[in-house]
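Working notes for the structure below.
No hydrogens, no waters, no symmetry mates; every other heavy atom, side chains included, goes into these values. Keep in mind the model is a prediction, meaning the values are calculated, not measured.
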Amino acid sequence: MTEHTPDGRYIIVNGRRWRATDPDIPESAAAQLRALLMKARRDIAAAHRAQDPAAEEDARARVHAAKVALGERGTPWWGQSAAERRQRWEHGLT
């Protein structure tokens, strides 16, 4: 079970604080974004094994894009308007 900070903005994993996923993202969209994130992470490992720096760089950029879309990187989701938040995660699905 993941522990959240009282304000819900962060999760605690092994004593380390990480920004939580934007809770306003609809579950279907969040699931799609998590799937993109996990695929990109698998692609990093495959590119690393293949010693393909260009493919690894591309996969790392996709990880970053998915994390931004989920609200875990970039402008904090709690500092954005509802429209900005929606635009952020919708952009991540395109």
Side-chain angles (χ1 to χ4, degrees):
M1 171 135 178
T2 303
E3 179 185 349
H4 281 79
T5 58
D7 61 11
R9 294 176 178 176
Y10 298 93
I11 61 171
I12 309 298
V13 179
N14 295 327
R16 190 165 179 192
R17 188 178 76 163
W18 299 89
R19 193 183 310 170
T21 297
D22 183 345
D24 283 351
I25 300 173
E27 183 49 41
S28 61
Q32 289 177 322
L33 291 168
R34 285 191 300 271
L36 292 171
L37 173 63
M38 300 316 323
K39 173 151 182 13
R41 286 180 169 166
R42 288 189 300 274
D43 290 348
I44 288 172
H48 185 73
R49 284 190 302 275
Q51 297 181 342
D52 185 344
E56 187 173 345
E57 183 178 337
D58 174 69
R60 287 186 186 281
R62 289 185 285 123
V63 164
H64 180 73
K67 300 279 284 175
V68 167
L70 286 164
E72 297 173 10
R73 290 188 184 160
T75 303
W77 48 263
W78 56 87
Q80 294 179 314
S81 69
E84 290 170 325
R85 291 164 77 176
R86 182 177 185 90
Q87 181 179 34
R88 185 198 65 242
W89 64 259
E90 284 181 340
H91 179 73
L93 292 173
T94 59

Discussion item. Heavy-atom count check: over 12 atoms from other residues, nucleotides or ligands less than 6.0 Å from Gln87 CD?
Written reply: no

Item to complete: Only counting residues at least two apart or in another chain, list the ones meeting salt bridge (Lys or Arg N to Asp or Glu O under 4.0 Å) with Asp52.
Response: none

Give the table of side-chain donor-acceptor pairs shorter than 3.5 Å for residues 59-71, with sequence neighbours excluded, one pair per line with atom names and distance.
| from | atom 1 | to | atom 2 | distance (Å) |
| --- | --- | --- | --- | --- |
| Arg60 | NE | Glu56 | OE2 | 3.3 |
| Arg60 | NH2 | Glu56 | OE2 | 2.9 |
| Arg62 | NE | Asp58 | OD2 | 3.1 |
| Arg62 | NH1 | Asp43 | OD2 | 3.1 |
| Arg62 | NH2 | Asp43 | OD2 | 2.9 |
| His64 | ND1 | Arg73 | NH1 | 3.3 |
| Lys67 | NZ | Glu72 | OE1 | 2.5 |

Item to complete: Could you tell me whether the side chain of Pro76 reaches within less than 4.5 Å of the side chain of Arg19, counting heavy atoms only?
Response: yes

Worksheet item: Would you find a donor on one side and an acceptor on the other, under 3.5 Å apart, between the side chain of Glu57 and the backbone of Ala54?
Response: no

Item to complete: Would you indicate whether the side-chain heavy atoms of Arg85 and Pro23 approach each other to under 4.5 Å?
Response: yes

Discussion item. Could you tell me if the side chain of Arg88 sits less than 4.5 Å from the side chain of Trp77, heavy atoms only?
Written reply: yes

Worksheet item: What residues, two or more places apart in sequence or in another chain, satisfy salt bridge (Lys or Arg N to Asp or Glu O under 4.0 Å) together with Glu90?
Response: Arg86

Discussion item. Taking salt bridge (Lys or Arg N to Asp or Glu O under 4.0 Å) as the definition, give me every residue that meets it alongside Arg41, ordered by chain and number, with sequence neighbours left out.
Written reply: none

Worksheet item: So, for Ala30 and Ile25, which heavy atoms are closest and what is the spacing to 0.1 Å?
Response: N-CG2, 3.5 Å

Worksheet entry | Set of side-chain hydrogen bond (donor to acceptor under 3.5 Å, both in side chains) partners for Arg17, sequence neighbours left out | none

Discussion item. More than 12 heavy atoms of other residues, nucleotides or ligands under 6.0 Å from NE2 of His91: yes or no?
Written reply: no

Fill in: From CD1 (Ile11) to OG1 (Thr21), nearest 0.5 Å
7.0 Å

Fill in: Audit row: Arg16, Val13, side-chain contact (heavy atoms from CB on, under 4.5 Å) steps and yes/no
CA-CA 5 Å; Arg16 190 165 179 192; Val13 179; 5.5 Å; no

Practice prompt. Please collect all ring-ring contact (aromatic ring centres under 6.0 Å, His included) contacts where either partner lies in residues 7-26, sequence neighbours excluded, each pair once.
Written response: Tyr10-Trp78

